[in-house]
Colleague: 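Before I ask anything, here is the structure I am working with.
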Amino acid sequence: MADFTSHMAQALAEARAAAERGEVPVGAVVIAPDGRVVAAAGNRTRADRDPTAHAEILAIRAACAALGSERLPGHALWVTLEPCPMCAAAISAARIERLYFGAEDPRMGGVIHGAQIFRHPQCHHRPQVYDGIRAAEARALLQSFFESRR
């Protein structure tokens, strides 16, 4: 196994780029078992006019396309915000091995809040979950984004 490397800086960069495009600043990065970046994305719901164009979904789609597979066993997903229930279900379906996220989302989260998708008895794959990584920075980015729109 490769040495542990945090990829939250790249996820935060994707989130900042999303904010600059007027999107909610969430970024995600998919990492292969060998440690290389397979895909990275920021939210594009407004640009794509697609309510499913969350950073996690876009990164998973790109990684699957790049690898020619609908599943990503052994892969890790780094995301700046606790995934919503839709994204948590996609993470499970893709067989992501490890999920690392920054800020909690008590209102819309689906991992440690709300639906808690991975705890549901019908969830067939549960990734290892590591939360709170650079959470203050991720939370500040979101707060600044929403304050600027009020």
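Keep in mind that the numbers below use all heavy atoms, side chains included, and drop hydrogens, waters and symmetry copies.
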Colleague: By side-chain contact (heavy atoms from CB on, under 4.5 Å), which residues pair with R21, not counting sequence neighbours?
Modeller: A17, A18, E23, R44
Colleague: Can you confirm whether more than 12 heavy atoms, excluding those of M86, are under 6.0 Å from its CE atom?
Modeller: yes
Colleague: Could you give all pairs that pass the side chain to side chain donor-acceptor pair (under 3.5 Å) test and reach residues 101-114, with sequence neighbours left out?
Modeller: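 Matches after skipping sequence neighbours: E82-H113, E104-H113.
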Colleague: I'd like to check the salt bridge (charged side-chain N to carboxylate O under 4.0 Å, His left out) partners of R36; sequence neighbours left out, ordered by chain and number.
Modeller: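 R36 satisfies salt bridge (charged side-chain N to carboxylate O under 4.0 Å, His left out) with D34 only.
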Colleague: Tell me whether the count of non-hydrogen atoms from other residues, nucleotides or ligands lying under 6.0 Å of CZ in R119 goes above 12.
Modeller: no
Colleague: Among E14, M8, Q10, exactly one meets side-chain contact (heavy atoms from CB on, under 4.5 Å) together with L12. Which residue is that?
Modeller: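 Of the listed options, the one satisfying the test is M8.
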Colleague: Got a sec, which hydrophobics cluster with L142, joining ILVMFWY side chains under 4.5 Å apart, including via others?
Modeller: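 Via sub-4.5 Å side-chain contacts, L142 links to V24, V26, V30, V38, I60, L67, L72, L77, V79, L81, I91, I96, L99, F101, V111, I112, I117, F118, V129, F145, F146.
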Colleague: Can you find a pair of side-chain heavy atoms, one from P25 and one from T80, that are under 4.5 Å apart?
Modeller: no
Colleague: With sequence neighbours left out, which residue pairs that include part of residues 131-140 fulfil the side chain to side chain donor-acceptor pair (under 3.5 Å) condition?
Modeller: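 Qualifying pairs, neighbours excluded: R16-E137, R134-E137.
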Colleague: Has N43 got a side-chain atom pairing as donor or acceptor with A55's backbone, closer than 3.5 angstrom?
Modeller: yes
Colleague: Test: side chain to side chain donor-acceptor pair (under 3.5 Å). Region: residues 55-77. Which pairs qualify, not counting sequence neighbours?
Modeller: T52-R61
Colleague: Listed by chain and number, what are the side-chain contact (heavy atoms from CB on, under 4.5 Å) partners of Q128, not counting sequence neighbours?
Modeller: E97, R98, Y130
Colleague: Considering all heavy atoms of both residues, which atom of A115 and which atom of P85 are nearest to each other, and what is their separation?
Modeller: CB-CG, 4.0 Å
Colleague: Can you name the residues that form a side-chain contact (heavy atoms from CB on, under 4.5 Å) with E20, not counting sequence neighbours?
Modeller: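 E20: no side-chain contact (heavy atoms from CB on, under 4.5 Å) contacts found.
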Colleague: Are any of the side-chain heavy atoms of S6 and W78 separated by less than 4.5 Å?
Modeller: yes
Colleague: With sequence neighbours excluded, what pairs up with R95 under the side-chain hydrogen bond (donor to acceptor under 3.5 Å, both in side chains) test?
Modeller: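 Per chain and number, R95 pairs via side-chain hydrogen bond (donor to acceptor under 3.5 Å, both in side chains) with H124.
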Colleague: Using modelled atom types and a 3.5 Å cut-off, is there a donor and acceptor pairing between side-chain atoms of S92 and backbone atoms of C123?
Modeller: no
